[in-house]
Amino acid sequence: QVQLVESGGGSVQAGGSLRLSCTVSGGTFSTYAMGWFRQAPGKEREFVASTTWSGIHKDYRDSVKGRFTISRDNANNTVYLQMNSLSPEDTAVYYCARDTIPWRVGILRTGFGSWGQGTQVTVSS
């Protein structure tokens, strides 16, 4: 029943920025960890970033550290991914996901349950 909808994708030149949004409806948001993943053509889905339910602790894959920022707005049931200094290697369909359980103590890079439909990010050189 829970629905995740991503938005904010598009085309941008290398070095540019985009902010992705993911809104959650039909289910609880504020007590669940949230994550961002991406999948490029011909490649497997890979972890990008995640945040605990509290929004205090965050995790990023090495290739996006210092460039991407994950944040959440519990009042609006929305998680964001601010992407700066984009490169063609960032081109992919980006998905947001919700954890399978609420109140998780740790932070994780896998095992998320509910997924959005994805939003395309294309970075040209």
* To do: Report yes or no: do Tyr94 and Tyr80 belong to one cluster of Ile/Leu/Val/Met/Phe/Trp/Tyr joined by side chain heavy-atom distances under 4.5 Å?
  => no
* **Rounded distance (nearest 0.5 Å) linking atom CD1 of Ile107 with atom OG1 of Thr51** => 6.0 Å
* To do: Give, for atom CZ of Arg38 and atom OG1 of Thr91, the distance between the pair rounded to the nearest 0.5 Å.
  => 9.0 Å
* **side-chain hydrogen bond (donor to acceptor under 3.5 Å, both in side chains) partners of Asn84, counting only residues at least two apart** => Ser17, Gln82
* Indicate, with yes or no, if Val5 and Leu18 share a hydrophobic cluster defined by side-chain heavy-atom contacts under 4.5 Å among Ile, Leu, Val, Met, Phe, Trp and Tyr. => no
* To do: Could you check if a side-chain atom of Val79 sits within less than 4.5 angstrom of a side-chain atom of Phe29, using non-hydrogen atoms only?
  => yes
* Structure fact -> On a heavy-atom basis, the closest approach of Pro88 and Ser125 is CG-CB, 3.9 Å
* Asked: When you look at Leu81 and Val48, which way does the side-chain contact (heavy atoms from CB on, under 4.5 Å) test go after all the steps?
  -> CA-CA 9 Å; Leu81 185 68; Val48 177; 4.1 Å; yes
* Structure fact -> Of all heavy-atom pairs linking Phe112 and Met34, the shortest is CE2-C, 3.7 Å
* Does the Glu6 side chain pair with the main chain of Gln117, one donor and one acceptor, at a distance under 3.5 Å? -> yes
* Structure fact -> Interatomic distance, CG@Leu20 vs CD1@Ile70, rounded to 0.5 Å, equals 10.5 Å
* Structure fact -> Tightest non-hydrogen contact, residues Tyr32 and Asp99, listed as CD2-O, 3.2 Å
* Min side-chain heavy-atom separation Val2-Arg98 under 4.5 Å -> yes
* Arg45 vs Trp115, side-chain contact (heavy atoms from CB on, under 4.5 Å): CA-CA, chis, key distance, verdict -> CA-CA 12 Å; Arg45 184 185 65 196; Trp115 295 82; 3.1 Å; yes
* Could I get the full list of ring pair (Phe, Tyr, Trp, His ring centres under 6.0 Å) partners for Trp53, not counting sequence neighbours? => Trp103
* Asked: Between CG of Asn77 and CG of Leu4, what distance do you get to the nearest 0.5 Å?
  -> 10.0 Å
* Just how far is it from atom CZ of Arg67 to atom OG of Ser87, taken to the nearest 0.5 Å? -> 5.0 Å
* Does Arg61 make a cation-pi contact with Phe47 (under 6.0 Å, within 45 degrees of the axis)? -> no
* Asked: What's the shortest heavy-atom distance between Val121 and Gly9, and which atoms?
  -> CG2-CA, 4.2 Å
* Dump the intermediate steps for side-chain contact (heavy atoms from CB on, under 4.5 Å) on Lys58 and Ser71, then the final yes or no. => CA-CA 8 Å; Lys58 303 171 183 179; Ser71 62; 4.3 Å; yes
* Would a distance-only check, ignoring hydrogens and angles, find a side-chain to backbone donor-acceptor pair under 3.5 Å from Arg72 to Ser54? -> no
* Is it true that the NZ or CZ of Arg109 lies under 6.0 Å from the centre of Phe37's six-membered ring and within 45 degrees of the ring axis? -> no
* Nearest 0.5 Å please: distance from the OG atom of Ser21 over to the CG atom of Asn76. => 10.0 Å
* Check the pair Tyr95 / Cys22 against side-chain contact (heavy atoms from CB on, under 4.5 Å), numbers first and verdict last. => CA-CA 9 Å; Tyr95 300 89; Cys22 173; over 6 Å; no
* **Considering all heavy atoms, the nearest Ala40-Ala92 contact** => N-CB, 3.8 Å
* Asked: How would you list, by chain and number, every residue that makes a side-chain contact (heavy atoms from CB on, under 4.5 Å) with Lys65, sequence neighbours excluded?
  -> Tyr60, Asp62
* **Sub-4.5 Å side-chain heavy-atom contact between Phe68 and Leu86** => yes
* To do: Please test Glu44 against Gln39 for side-chain hydrogen bond (donor to acceptor under 3.5 Å, both in side chains), starting from the C-alpha separation and ending with a verdict.
  => CA-CA 6 Å; Glu44 295 185 355; Gln39 186 170 25; over 6 Å; no
